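Chain identifiers are assigned alphabetically (A, B, ...) following the order of the sequence lines, protein sequences preceding nucleic acid strands; residue numbering begins at 1 within each chain. Quantities reported herein were computed from a predicted structural model and do not represent experimental measurements. Atoms considered below: every heavy atom in the structure, side chains included; atoms not considered: hydrogens, waters and symmetry mates.
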Amino acid sequence: MAGGARFERRARLVRKADFQAVFDRAEKSGDRYFTVLARPNDLGHARLGLAISKRASKLAVVRNTIKRLVRESFRQRLAGLGGLDFVVMARPGLAEVEHPALFEALDRHWSRLVKRCARS
RNA sequence: GAAGUCGGCCGGACGAUCGCGGCCCCCGCGUGCGGGGGCGGAGGAAAGUCCGGGCUCCGCAGGGCAGGGUGCCAGGUAACGCCUGGGGGGCGUGAGCCCACGGAAAGUGCCACAGAAAACAAACCGCCCAAGUCGCCGCGAGGCGAACGGCAAGGGUGAAAAGGUGCGGUAAGAGCGCACCGCGGCGCUGGCAACAGUCGCCGGCACGGAAAACCCCACCCGGAGCAAGACCAAAUAGGGGAGCGCCAGCGUGUGGCCCGCACGGCUCCCGGGUAGGUCGCUACAGGCGUCCGGUGACGGGCGUCGCAGAUGAAUGAUCGUCCUCGACAGAACCCGGCUUACAGGCCGACUUCCUCC
């Protein structure tokens, strides 16, 4: 389909070991909303893992909303992300921020991390 | 029309584009993936995890102790700490609302501050000198005074001071006596019962509060939980399953302990079980409609519908239009309750007041 913005299932971090690998050796990019970790894989496409803790918000509704927002951003940029594994963590206070601002912030993280991983 | 009480219901809508996970059908092949089509996809509280049950495993849940829960009566229910109806007490003009509502004459302990005294009563102020006692006066009869004497009516303290009011009574008083009220016991009547009664008899009254202090009484409760549990199965360690049998000791075993119970021996069989995966996993004490029984909770009959099943965890993002500008908040095995949160709105029944006819 248009833009090839599909996947999801295969584009997710599923195993505990996969998460651990990213946490162990990763490029970091952070701001006041998110902390994003990235690490190259050899699959030829990007994968996303979410680690939205209760510290970000104690309400399940809010955590779900954040996850959906991050997935949506990831889905739209998927084609340009290459073979990287990402883990996104949210910081407290996210709930009050407007969506467009969060999308912009995530875009910055994606492109920054893609550049850094390409260099190394 | 205004104020209020109770019960029930809804919880942004529509469209476009891009997406997510589930099931069914068709096609393709490399048999779990791709393509196409269709159907559905969070809540009234999904929440807190406070009760109750189903389900699963464990010794198939036996006896006792300990522990926990419940607590007016009757009914409903799978069950309950829930619901309905009734009784009692309290609040409100009223519709209605609220109540851990068994036992304090089984025992132990407690009742702050204040107060003399907080439960075998007692006596600070006060009241009284009739008898007895003491002091003073008098020849004497007697008089006056008093507390180490009598009293508990009045004052004062307190949430509460040992029935209330009146009359009699008395030195002053007191259920000391009487009347009425209250209280307790027994009976009778009504009610399944809690309980009630203008009822009768008896008792002058022996009954302060608190059981959300211990406790007593009655009834109930085996434990753990879907990370239950079953199956497939890399790695690693050596054990696991079935059948037959057992006197005692000892050991082992999900329950806090004891008893009881099972296992240990022999024979036969062979895989084991972490990562990962599959099942459990959604169909039901089910929803809706209707009729019947019941004051009601609810029960029964008939018809009809199929209503989320994820597992790093699916219901979203963007844009447009509209309106009364959108609260609290996200399923995780499933139900029944309770409790708590909640913008705004709708419907019905009833109460009080005002106005009009």
Side-chain angles (χ1 to χ4, degrees):
Chain A
M1 303 298 287
R6 301 198 49 85
F7 273 37
E8 269 302 74
R9 186 72 205 156
R10 273 185 286 172
R12 292 184 198 176
L13 249 49
V14 168
R15 295 153 176 269
K16 215 180 282 178
D18 295 334
F19 271 85
Q20 204 49 55
V22 177
F23 279 118
D24 286 347
R25 292 195 303 117
E27 291 293 332
K28 246 190 220 174
S29 172
D31 60 17
R32 42 197 280 252
Y33 304 138
F34 299 101
T35 299
V36 184
L37 308 177
R39 179 175 189 265
N41 62 35
D42 37 338
L43 294 171
H45 62 82
R47 294 190 300 177
L48 175 68
L50 294 165
I52 312 299
S53 70
K54 282 196 177 174
R55 224 163 50 79
S57 170
K58 57 180 183 154
L59 292 180
V61 177
V62 174
R63 293 198 299 275
N64 280 346
T65 307
I66 294 168
K67 288 180 197 169
R68 283 167 187 155
L69 188 130
V70 175
R71 276 198 216 100
E72 181 64 17
S73 173
F74 177 77
R75 187 177 66 79
Q76 288 172 2
R77 302 288 174 239
L78 184 57
L81 295 180
L84 296 175
D85 284 347
F86 295 94
V87 171
V88 177
M89 293 177 286
R91 293 183 175 282
L94 261 184
E96 291 78 37
V97 182
E98 295 291 318
H99 287 185
L102 295 178
F103 277 119
E104 282 174 32
L106 285 168
D107 279 344
R108 278 199 297 276
H109 292 307
W110 302 138
S111 51
R112 193 184 299 167
L113 287 167
V114 166
K115 246 183 271 173
R116 280 194 205 160
C117 288
R119 236 185 296 140
S120 57

request  = Can you tell me, in whole Å, how much space there is between the C1' of B/C302 and that of B/G1?
outcome  = 48 Å
request  = Between A/Ala51 and A/Ala60, just flag the one whose closest nucleotide in RNA chain B comes earlier from the 5' side.
outcome  = A/Ala51
B/U189, syn or anti by chi within 90 degrees of zero = anti
query = Just how far, in rounded Å, is C1' of B/U315 from CZ of A/Arg68?
reply = 6 Å
query = Should B/A174 be called syn or anti, with syn set as within 90° of 0?
reply = anti
ask   = Given that both distances must come in under 3.5 Å, which nucleotide forms a Watson-Crick or G-U wobble pair with B/A297?
value = none
request  = Using Watson-Crick or G-U wobble geometry with both distances below 3.5 Å, tell me the partner of B/G320, or none.
outcome  = B/C14
query = Quantified in whole Å, what is the C1' atom distance between nucleotide B/A118 and nucleotide B/U165?
reply = 27 Å
inquiry  = So A/Met89 and A/Ser53, do their side chains get closer than 4.5 Å, heavy atoms only?
reply    = no
task = Provide, to the nearest angstrom, the distance between the NZ atom belonging to A/Lys54 and the P atom belonging to B/A329.
result = 15 Å
task = Answer whether the closest heavy-atom distance between the side chains of A/Trp110 and A/Val36 falls below 4.5 Å.
result = yes
task = For A/Ile52 and B/G330, give me the distance from atom CD1 to atom C1', rounded to whole Å.
result = 15 Å
request  = Provide the Watson-Crick or G-U wobble partner of B/G348, both distances under 3.5 Å; none if there is no partner.
outcome  = B/C6
message = Give me the distance, rounded to whole Å, that separates B/A104 from B/G109 when you measure between the C1' atoms they each carry.
response = 13 Å
ask   = Roughly how many Å is it from CD in A/Gln76 to P in B/C18, rounded to a whole number?
value = 13 Å
ask   = Is B/A224 paired to anything, Watson-Crick or G-U wobble with both distances less than 3.5 Å, and if yes, which nucleotide?
value = B/U56
task = Can you tell me the pairing partner of B/C178 across any strand shown, Watson-Crick or G-U wobble, with both distances under 3.5 angstrom?
result = B/G166
ask   = Taking any strand in view, what nucleotide pairs with B/G253 in a Watson-Crick or G-U wobble way, both distances under 3.5 Å?
value = B/C261
key: B/C14 versus B/G41 - spacing of their P atoms, nearest Å   = 13 Å
request  = Using whole Å, report how far CG of A/Leu48 lies from P of B/G19.
outcome  = 17 Å
ask   = In whole Å, what separates the P atom of B/G96 from that of B/A105?
value = 40 Å
message = Measure CG/A/Leu102 against C1'/B/A317 and give the value in whole Å, please.
response = 13 Å
query = NA contact type, A/Leu59, heavy-atom cut-off 4.0 Å: base, sugar-phosphate, or nothing?
reply = sugar-phosphate
ask   = Say you pick atom C1' in B/G22 and the same atom in B/G40; how far apart are they, in whole Å?
value = 9 Å
key: Sidechain N-carboxylate O distance under 4.0 Å for A/Arg47, A/Asp85   = yes
task = Measure from CG on A/Leu78 to P on B/C20 and round the result to the nearest Å.
result = 11 Å
ask   = Does A/Leu106 reach the side chain of A/Leu69, with side-chain heavy atoms less than 4.5 Å apart?
value = yes
inquiry  = Tell me the interatomic distance from A/Phe103, atom CZ, to B/C18, atom C1', rounded to whole angstroms.
reply    = 12 Å
ask   = Taking the side chain of A/Arg75 as heavy atoms from C-beta outward, which of B/G19, B/U318, B/A313 is closest to it?
value = B/G19
request  = Examine B/A313: is either OP1 or OP2 under 4.0 Å from a nitrogen or oxygen in the side chain of A/Arg71? Give yes or no.
outcome  = yes
inquiry  = Nearest heavy atom decides the nucleotide; on that basis, is A/Val61 or A/Lys67 closer to the 5' end of RNA chain B?
reply    = A/Lys67
Base-pairing mate for B/C183 - Watson-Crick or G-U, with both contacts under 3.5 Å = B/G203
ask   = Got a donor-acceptor contact below 3.5 angstrom from the A/Arg63 side chain to the A/Lys58 backbone?
value = yes
inquiry  = Checking the side chain of A/Ser111 only, and the main-chain atoms of A/Asp107 only, is there a donor and an acceptor separated by less than 3.5 Å?
reply    = yes
inquiry  = Tell me if B/C99 is syn or anti. Syn = glycosidic torsion within 90° of 0, anti otherwise.
reply    = anti
inquiry  = For B/G63, does the O4'-C1'-N9-C4 or O4'-C1'-N1-C2 angle fall within 90° of 0, making it syn, or is it anti?
reply    = anti
Integer angstrom distance from the C1' of B/G208 to that of B/A122 = 15 Å
query = Side-chain contact, heavy-atom cut-off 4.5 Å: A/Arg91 with A/Asp31?
reply = no
ask   = When the C1' atoms of B/C338 and B/G52 are considered, how many whole Å apart are they?
value = 11 Å
inquiry  = Going by purine N1 to pyrimidine N3 plus the second Watson-Crick contact, or the G-U wobble pair, all under 3.5 Å, which nucleotide sits opposite B/G289?
reply    = B/C302
